[in-house]
Novice: 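One structure is given below, represented as structure tokens, and several questions about it will come after.
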Amino acid sequence: MKIYNTLTKQLEEFEVTDNIVNMYVCGITPYSSSHLGHAMCAIVFDVIRRYMEYKGFKVNHIQNFTDIDDKMISAANEKGIEVSELAERNIQSYFDELKSLNVLPATEYPRATQEISEIIKIVNTLVERDDAYVIEGDVYFRVKNKSDYGKLSNRKVSDLEAGARLELDDSKEHPEDFALWKATKPGEPNWESPWGKGRPGWHIECTAMAIRYLGQTIDIHGGGVDLVFPHHENEIAQSESFTKVKPFARVWIHNGTLQYGSDKMSKSVGNIFSVSQALETYSPDSLRMFFLTSHYRSPLVFDEKTIKAQDKAISRLRSALKIVSGDSNPLPTNKFKQDFIDAMDEDFNTPKALAAIFDLARDINREGSNGRDVSSAQELLNELTQILGINIEDQNLSSNLDVAPFVELLLEIRNELRESKQFNIADSIRDRLESMNISIEDSQKNTTWKINY
RNA sequence: GGCGACGUAGCCAAGUGGUCUAAGGCGGAAGUUUGCAAAACUUUUAUUCGGCGGUUCGAAUCCGCCCGUCGCCUCCA
């Protein structure tokens with residue numbers, strides 16, 4: 001299995017010694033509802049995790065919540081509620097959304113505010129070693145002490161200094177030094193520390209949680225590409241300075257960001273499409289498919305038509321699963337399975353893996369109606385789509401609905417009309433049901449119906 | 001100013017030196033099937049990969065230049 005590693009900028013063979021994969025994925029700052037970009041990231045790493053488990057690895061999947069920072073505080077103030085309450089609300093709805101999107105729960109979801117003592121311990125060690133310094137209750141990491149600073153994002157400190165947008169803050173020794181601990185301001189949540197009351201800086205919580213839950217060297221660290229700098233760069237700096245162990249993470253995986261219009265979908269730009277809003281308009285599977293039809297590292301442009309088109313593609317897979325298998329000459333499936341695995345082994349090439357799935361579905365449809373035994377091919381189809389977290393089973397939910405007996409009754413009458421060749425009335429029943437979003441399909445054997453969402 | 005990514009059919013999107021006269025999906029066209037539809041299947045829809053040069057026996061794939069789009073350098077998944 002090959003994975004593109006942001007740290008080395010190349011495709012690498014992925015190996016672990018003990019079959020356990022320790023994976024840390026940066027989660028959200030729950031100051032407002034999450035948007036489709038967050039959903040995309042969650043789905044990308046969900047598929048990576050599912051595929052690794054399929055390959056026989058045990059995956060420790062840790063995803064954090066940064067539940068204390070400037071934006072948390074100002075959003076809570078605006079709403080007139082406690083920061084903790086704001087976090088709780090948004091985290092709960094995020095969990096609900098992940099569930100709707102069929103994202104498997106992570107092993108743990110640690111929160112920054114519950115790791116304060118670990119954080120203080122780490123900052124303290126860095127201060128004692130002079131890798132950090134204290135100014136009026138703030139603690140800053142001393143970037144010049146980390147000679148390989150910039151190795152992840154391919155930046156040199158001198159370039160950063162030349163950067164036009166870097167804000168000069170006279171209180172820091174160097175403009176690129178970053179806060180590990182921030183002194184409290186009036187009205188802010190705060191914790192006691194050796195440097196006075198305050199709260200953690202942005203990056204330190206991930207260092208604390210990654211080390212605590214996964215150890216000093218983790219196998220995979222992931223997140224959106226927009227986190228590469230400064231967040232992940234700074235995580236590396238502070239973590240490696242603290243543990244004196246390199247590397248902090250062996251493989252860095254970054255997904256491309258979701259674009260909305262001509263810009264990145266981002267809370268601060270305000271061009272967001274929230275997950276809950278999206279779930280009202282699109283099916284979870286079509287959203288998942290939409291994200292997986294392009295490679296995870298490419299930026300993806302939000303496109304309504306493309307998302308909607310996924311439902312039709314998925315229904316092809318569903319009908320392949322429903323086709324009644326014959327009993328002769330079983331359809332061989334090895335090729336499709338191998339194509340799928342080869343694609344996924346190549347840096348999780350989901351578009352290529354999907355191509356194998358659609359090839360399989362077409363063969364099932366063709367050969368199944370030729371009377372061949374396609375039952376094991378159907379099992380494979382189900383197995384492969386599940387690795388991508390796409391649900392093609394359970395579609396007979398319509399029979400559980402309250403309207404089912406009435407629809408069945410109508411179909412019964414309609415089939416009697418068809419038998420007596422009263423097609424006008426039969427067709428009118430079909431048309432009327434269609435206008436109520438119920439479609440009917442007649443086959444040789446029976447008539448099926450489904451509700452169009 | 002620095003760092004980086006990308007530009008493939010009507011749309012989305014794989015492919016990164018020969019098997020590419022380029023996968024898969026959506027859409028379009030024709031056909032098989034059907035009472036008619038729908039679904040499914042078959043065939044078809046890029047001799048061409050932003051433009052111009054170059055390297056090579058051979059390039060969508062490597063190199064150079066140009067045009068265009070986007071990301072990061074400030075909060076960000």
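Model, not experiment: these values are computed from the prediction.
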Novice: Nearest-nucleotide wise, let me know which of A:Asn424 and A:Leu354 is further upstream toward the 5' end of RNA chain B.
Specialist: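 Per heavy-atom nearest nucleotide, the more 5' residue is A:Leu354.
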Novice: Should B:C65 form a Watson-Crick or G-U wobble pair with both distances under 3.5 Å, which nucleotide is its partner?
Specialist: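 For B:C65, the partner nucleotide comes out as B:G51, under the 3.5 Å rule.
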Novice: Of the nucleotides B:A77, B:C73, B:A23, which has the atom closest to the A:Phe229 side chain?
Specialist: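 In terms of side-chain proximity for A:Phe229, the closest of B:A77, B:C73, B:A23 is B:C73.
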Novice: Closest to the A:Asp226 side chain: B:C72, B:G25, B:A13?
Specialist: B:C72
Novice: With C1' as the reference atom in both, quote the distance from B:A9 to B:A13 in angstrom, rounded to an integer.
Specialist: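 Nearest-Å result for B:A9 against B:A13 at atom C1': 11 Å.
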Novice: With a 4.0 Å cut-off on heavy atoms, is A:Asp431 in touch with a base, just the backbone sugar-phosphate, or nothing at all?
Specialist: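 Answer is nothing: A:Asp431 stays at 4.0 Å or more from every strand.
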Novice: Regarding A:Arg418 and the six-membered ring of A:Phe423, is the cationic atom NZ or CZ under 6.0 Å from the ring centre and inside 45° of its axis?
Specialist: no
Novice: If I pick the C1' atom on B:G7 and the same atom on B:U16, what distance separates them, to the nearest angstrom?
Specialist: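 14 Å, rounded to whole Å.
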Novice: NA contact type, A:Asp69, heavy-atom cut-off 4.0 Å: base, sugar-phosphate, or nothing?
Specialist: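 No contact at all - A:Asp69 keeps every heavy atom at 4.0 Å or more from the nucleic acid.
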Novice: Describe the nucleic acid contact of A:Ile323 in one word from base, sugar-phosphate, nothing, applying a heavy-atom distance below 4.0 Å.
Specialist: nothing
Novice: Which residue, A:Thr385, A:Asp285, A:Asn391, forms the side-chain hydrogen bond (donor to acceptor under 3.5 Å, both in side chains) with A:Arg318?
Specialist: A:Asp285
Novice: Identify whether any heavy atom of A:Arg430 sits under 4.0 Å from a base atom; if not, whether one sits that close to sugar-phosphate; answer base, sugar-phosphate or nothing.
Specialist: base
Novice: Assess whether one donor atom and one acceptor atom, taken from the side chain of A:Asp427 and the base of B:G35, lie less than 3.5 Å apart.
Specialist: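 Answer is yes: a donor-acceptor pair is held.
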Novice: Would you tell me whether A:Tyr282 and A:Gln310 have side-chain atoms, one donor and one acceptor, within less than 3.5 Å of each other?
Specialist: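 Side chains of A:Tyr282 and A:Gln310: no pair found under 3.5 Å.
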Novice: If you assign each of A:Gln444 and A:Lys312 to its closest nucleotide in RNA chain B, which residue comes earlier from the 5' end?
Specialist: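 Mapping each residue to its closest nucleotide by heavy atoms, the 5'-most match is A:Lys312.
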Novice: Assign A:Ser298 to base, sugar-phosphate, or nothing according to its heavy-atom contacts below 4.0 angstrom with the strands shown.
Specialist: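 If one applies the 4.0 Å heavy-atom cut-off, A:Ser298 turns out to touch the sugar-phosphate alone, with no base involved.
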Novice: Pick base, sugar-phosphate or nothing for A:Met40, based on heavy-atom distances below 4.0 Å to the nucleic acid.
Specialist: nothing
Novice: What contact category does A:Gly368 fall into here, base, sugar-phosphate, or nothing, at under 4.0 angstrom with non-hydrogen atoms?
Specialist: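 Answer is nothing: A:Gly368 stays at 4.0 Å or more from every strand.
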Novice: Paired with B:C3 by Watson-Crick or G-U wobble geometry, both distances under 3.5 Å: which nucleotide is it?
Specialist: B:G71
Novice: Of the candidate nucleotides B:G25, B:A77, B:A37, which contains the atom at the shortest distance from the side chain of A:Phe358?
Specialist: B:G25
Novice: If I pick the P atom on B:C3 and the same atom on B:C65, what distance separates them, to the nearest angstrom?
Specialist: 13 Å
Novice: Determine whether the aromatic ring centres of residues A:Phe248 and A:His221 are separated by less than 6.0 angstrom.
Specialist: yes
Novice: Indicate, with a heavy-atom threshold strictly under 4.0 Å, whether A:Ala355 touches base, sugar-phosphate, or nothing.
Specialist: base
Novice: Which nucleotide in the set B:G15, B:C26, B:G24 lies at the smallest distance from any side-chain heavy atom of A:Arg316?
Specialist: B:C26
Novice: Quick check for you: among B:C72, B:A77, B:A14, whose closest atom lies nearest to any side-chain atom of A:Asn255?
Specialist: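 When the side chain of A:Asn255 is considered, B:A77 is the closest of B:C72, B:A77, B:A14.
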Novice: Using the P atom in both, what is the distance from B:A5 to B:C63, to the nearest Å?
Specialist: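 Taking atom P in both B:A5 and B:C63, they lie 11 Å apart.
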Novice: Across the strands shown, which category fits A:Ile357 at heavy-atom distances under 4.0 angstrom: base, sugar-phosphate, nothing?
Specialist: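 No contact at all - A:Ile357 keeps every heavy atom at 4.0 Å or more from the nucleic acid.
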Novice: Taking the same atom, P, in B:C70 and in B:G54, what whole-Å distance lies between them?
Specialist: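 Approximately 32 Å lies between the P atom of B:C70 and that of B:G54.
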Novice: Give a yes-or-no answer on whether the side chains of A:Ser325 and A:Gln378 include a donor-acceptor pair shorter than 3.5 Å.
Specialist: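 Checked: A:Ser325/A:Gln378 side chains show no N/O donor-acceptor pair below 3.5 Å.
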Novice: Contact class for A:Pro299 vs. all strands (heavy atom < 4.0 Å): base, sugar-phosphate, or nothing?
Specialist: nothing
Novice: Using the C1' atom as the reference point in each nucleotide, state the distance between B:A59 and B:G50 in Å, no decimals.
Specialist: 16 Å
Novice: Please classify the nucleic acid contact of A:Glu441 as base, sugar-phosphate, or nothing, using heavy-atom distances under 4.0 Å.
Specialist: base
Novice: With a 3.5 Å limit on both atom pairs, tell me what B:A38 is paired to, counting Watson-Crick and G-U wobble, or say none.
Specialist: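 Here B:A38 is not engaged in any pair, so there is no nucleotide opposite it.
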Novice: In whole Å, measure the gap between the C1' atoms of B:G25 and B:U33 for me.
Specialist: 24 Å
Novice: Considering only the P atoms, how many Å lie between B:G10 and B:U32, rounded to the nearest integer?
Specialist: 29 Å
Novice: With respect to A:His203, which candidate in A:Tyr140, A:Phe141, A:Phe178, A:Phe229 satisfies the ring-ring contact (aromatic ring centres under 6.0 Å, His included) definition?
Specialist: A:Phe178
Novice: Name the pairing partner of B:U33, where a pair is Watson-Crick or G-U wobble with both distances under 3.5 Å, or state none.
Specialist: none
Novice: Could you check whether A:His231 gets within reach of a base, just the sugar-phosphate, or nothing at all, counting any heavy atom under 4.0 Å?
Specialist: nothing
Novice: For the side chain of A:Ser294, starting at C-beta, report the closest nucleotide among B:A14, B:C41, B:A39.
Specialist: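 Per side-chain heavy atoms of A:Ser294, the pick is B:A14.
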Novice: Whom does B:C57 pair with, Watson-Crick or G-U wobble, provided both distances fall under 3.5 Å?
Specialist: B:G18
Novice: Of the listed nucleotides (B:A14, B:C75, B:A77), which one gets closest to any side-chain atom of A:Thr257?
Specialist: B:A77
